[in-house]
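Below is one structure, written out as structure tokens; comments come after it.
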Amino acid sequence: MSTSDSLTEVYIYENTQLLEQLEEMLLNSEKSAALKKADIDEIFRVMHTIKGSSAMMGYEGLTQLSHSMEDMFAALRQNLDTPREAWELIISLVLECIDFIKVEVSKVQEGFLPDGEISSLHDRAMDLLHLISGGQGSNALPPESTPESPHSSEKVEPYVPQSHKDSASHYYKARLFFITGCAMESVRAFAVVNSLDGLYTRIAHEPKNLNINCDEAIVANGFLLYLESPCPSQEIESRLADTMFLQHLEFSELSLEEALPHFSASAQEPTSQAASDAVQKSPTKITAPQQEAKDSANGASKSITQNFLSVNVGKVDRLMDLVGEIVTTESMVVKHPQILDLHIESFDKQSRRLRQLTGELQDVVMSIRMVPISSTFHKMQRIVRDMSIKTGKEAQLILRGEQTEVDKNVLETLSDPLMHMIRNSMDHGLETTEERLALDKPAVGTIILEARNTGGDVVITVSDDGRGLDREKLIKKAQEKGIAQKNEDEISDREAFNYILLPGFSTNDQVTEFSGRGVGMDVVNSNVEKMGGTLAIDSDPGKGTTFTMQIPLTLAIVDGMDVQVGEEHYIIPILNIRESFELKNKDLIVAPDGTENIIIRGKCFLVRRLHQLFGIPNAKQDLQEGIMVLVESDRGSVCLFVDQIVGEQQAVIKPLPSFLSRMMGRVPHISGCTILGNGSVSLILDSGSLTRSTAC
């Protein structure tokens, strides 16, 4: 990968994280229609960082836009008594700017230049700046320094906060060390200089020329900075501490006599390290979370450590694939037919150790891929906010179980289904304020977004307290379209509710910006099924609707039980197995329609014969000759009749062959396949599908 490609990756990653952080902060602050001073300072820092990185990349439009935002928040830092109406305009404008920058960053990610038109947003920012400044703000952007000369003597006078303008100058020395292996140290040093823009009046650094490759020098000696600034040490030090991939920071204040030689026109070499260290004074200690502070050898400088490493997700996916192959190979070796009959104590001992190590390796890799669902949940707050403005409906979004973790690939696929369901609840579910008041409901509608773990699955629910689904209207629409062939009294509530999941089905008579085309919930159902999950709908007229998605925590590896039916083998996820037992005739109940049920400790469960379900010949027919496996999920429980239980099997989940999917679509009751120890292929059963509608 070239340096430019690596730099682009860092730019995309860092700015995406900053924008998500900024959006969440604004949405949380919007309820009070004002921002706290700490939030204003943080937004100023974020915009300053985006401006610096965009200037470094040569993206002029993004640089100008973020600069105008930065100027606006610099003025807000001096005027916290801004009227409420102005705060509402400011928050709305910044959210629009976030959306614009996200679109531009996505262009960069796809290999294009960010060429969006910023004039409208920029002009609005300048108008707000003028308002905040009490008519003293400028309507023009100050000229921006070029990336090629971040510390040029011709640079325009930087912005200095009013509170510091009359302050005496301070002189600082800082040495930064980046995390080993982060690469592009020269570029990162350049970004550090950019991040300090506006906080100094003079600056010098070593290495002096950052336009050439000086990575090795920075790795060996660190990046040395000398600054003259009217700002207090805490502000400079805090800005440096925010540097990405920073491992160690030494910071101290110098006297004028000690600092002056470093700002000379000839850019002399810094004085000896011994002399420099001797004049350091008032050092400040910076400690990262969970990092024990420790003094340096001279007791003057302190260290800051970031205990994380950014890894390309493609490498993690590749590692996961390799772990899957190791698990499969280990199973094929340990369960080889020629070895099964040999009882070698040393081999059995080492094979158990191998299983333990592969299990630990799998757990570690899985933990790397698991991320909290909170990032996706918080994005939904923006959907509710925008829909509230456009539809005129007041609504609040309540988040529960935000720290529930799922596989990163699952999380990326979840965003679209959740967005569609939130929009559906806002558009179809919630009533207008007038309607809610007429029904003695609170004026503000409520949408609850909740996540929780159940065994090997994550269950996500989206519920609202709106009008609910109209069963009669759904059935009537389905009959008009020729979808429903039964009489209304023969159609269950669940069948009626599931009509909204069909392609092209909509109860809206008019097409609006948000609905009416019948594609939203169809997309949701398709995406959930692609993840091997299920979607259920429950509704109570006049009280609200609940959508429940049950999705595997990961799409990679599961612990399963290998069962045999005829000559075929199937894998049942162990987390879904409650118990297994042999049947006694007195426990069996046969209904008039031939349906078989079984009584277990006073509870009735449906019996499903797998050989009948999948059309398998030469399987056992007598229930007393085989084994019953009680399988349960959030949808219910069912007893599966199999010939025999072979044993535990760690299954590396692989998708069904593409040609099979094209021919048959989604195969009922099957979530994927895996390779057994003897090299044969076994199908993995979908417990959620098997337990659907199993009540006696």
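Both backbone and side-chain heavy atoms feed into the values below; hydrogens, waters and symmetry mates do not. Values in this document were obtained by computation on a predicted structure and should not be read as measured data.
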Are any non-hydrogen side-chain atoms of Ile40 and Lys36 less than 4.5 angstrom apart? no
Using the side chain to side chain donor-acceptor pair (under 3.5 Å) rule, take Thr446 and Gln396 through it: C-alpha gap first, then chi angles, then the decisive distance, then the call. CA-CA 5 Å; Thr446 300; Gln396 62 174 339; 3.1 Å; yes
Looking only at non-hydrogen atoms, find the nearest pair between Leu397 and Phe377 and report the distance. CD2-O, 4.5 Å
Is it the case that His170 and Glu253 place a side-chain donor and acceptor less than 3.5 Å from each other? yes
Glu23/Lys102 ion pair, N-O < 4.0 Å: yes
Between Glu96 and Arg124, does at least one N-O distance fall below 4.0 Å, as a salt bridge requires? yes
Nearest heavy atoms of Ala443 and Arg436, plus distance in Å: O-CD, 3.7 Å
Does some side-chain heavy atom of Val219 sit less than 4.5 Å from a side-chain heavy atom of Thr180? no
In Å, rounded to the nearest 0.5 Å, how long is the span from CE of Met57 to CG of Asn15? 9.5 Å
Heavy-atom donor-acceptor pair, Glu110 side chain to Phe112 backbone, under 3.5 Å: no
Salt bridge (Lys or Arg N to Asp or Glu O under 4.0 Å) between Asp386 and Lys390, worked out: CA-CA 6 Å; Asp386 292 347; Lys390 293 179 179 179; 5.9 Å; no
Given 3.5 Å as the limit, does a donor-acceptor pair link the side chain of Lys393 with the main chain of Leu430, or not? yes
Short N-O contact, Glu206 and Lys208, less than 4.0 angstrom: yes
Considering all heavy atoms, the nearest Ala451-Thr404 contact: O-OG1, 3.3 Å
Do you see a donor-acceptor pair shorter than 3.5 Å between the side chains of His378 and Glu402? yes
Are the side chain of Ser415 and the backbone of Glu412 linked by a donor-acceptor contact shorter than 3.5 Å? no
Would you compute the distance between atom NE2 of His122 and atom CG of Asp71 and round it to the nearest 0.5 angstrom? 8.0 Å
Over all atoms of both residues, closest heavy-atom pair of Gly392 and Thr433: O-OG1, 4.3 Å
Is the gap between the ring centers of Tyr172 and Phe251 under 6.0 Å? yes
For Asn28 and Glu24, indicate whether the former's side chain and the latter's backbone hold a donor-acceptor pair under 3.5 Å. yes
With a 3.5 Å distance limit and no angle check, can you tell me whether Arg175 reaches the backbone of Asn221 through a side-chain donor-acceptor pair? yes
Rounded distance [0.5 Å steps], NE2 in His262 versus CD1 in Ile203: 13.5 Å
pair Lys379-Met419: side-chain heavy atoms closer than 4.5 Å: no
Any donor-acceptor pair under 3.5 Å from Glu14 side chain to Tyr11 backbone: no
Any donor-acceptor pair under 3.5 Å linking the side chain of Ser68 with the backbone of Leu65? yes
One thing to verify: whether Arg45 and Asp41 come together as a salt bridge, which I'm taking to mean a side-chain N less than 4.0 angstrom from a carboxylate O. no
Below 4.5 Å, heavy atoms only, C-beta onward: do Arg400 and Leu449 meet side chain to side chain? no
Under 3.5 Å donor-acceptor, Ser54 side chain and Thr63 backbone: no
Nearest 0.5 Å please: distance from the CD1 atom of Ile43 over to the CE atom of Met69. 10.5 Å
With distance as the sole test, does Ser425 use its side chain to make a donor-acceptor pair with the main-chain N or O of Asp464 at under 3.5 Å? no
Heavy-atom nearest pair, Ser375 first then Leu411, reads OG-CD2, 3.8 Å
Salt bridge check: are Glu235 and Arg77 linked by an N-O gap of less than 4.0 Å? yes
For the CD1 atom of Ile90 and the CG atom of Leu95, what is their distance to the nearest 0.5 Å? 12.0 Å
Looking at Glu104 and Asp115, would you say the former's side chain and the latter's main chain have a donor-acceptor pair under 3.5 Å? yes
Check Phe177 against Leu246 and note the closest heavy-atom contact, atom names and distance. O-CD1, 3.5 Å
Could you tell me the separation between the CE atom of Met380 and the CE atom of Met426, rounded to the nearest 0.5 Å? 13.5 Å
May I ask you to check whether Phe223 and His205 place their ring centres under 6.0 Å from each other? yes
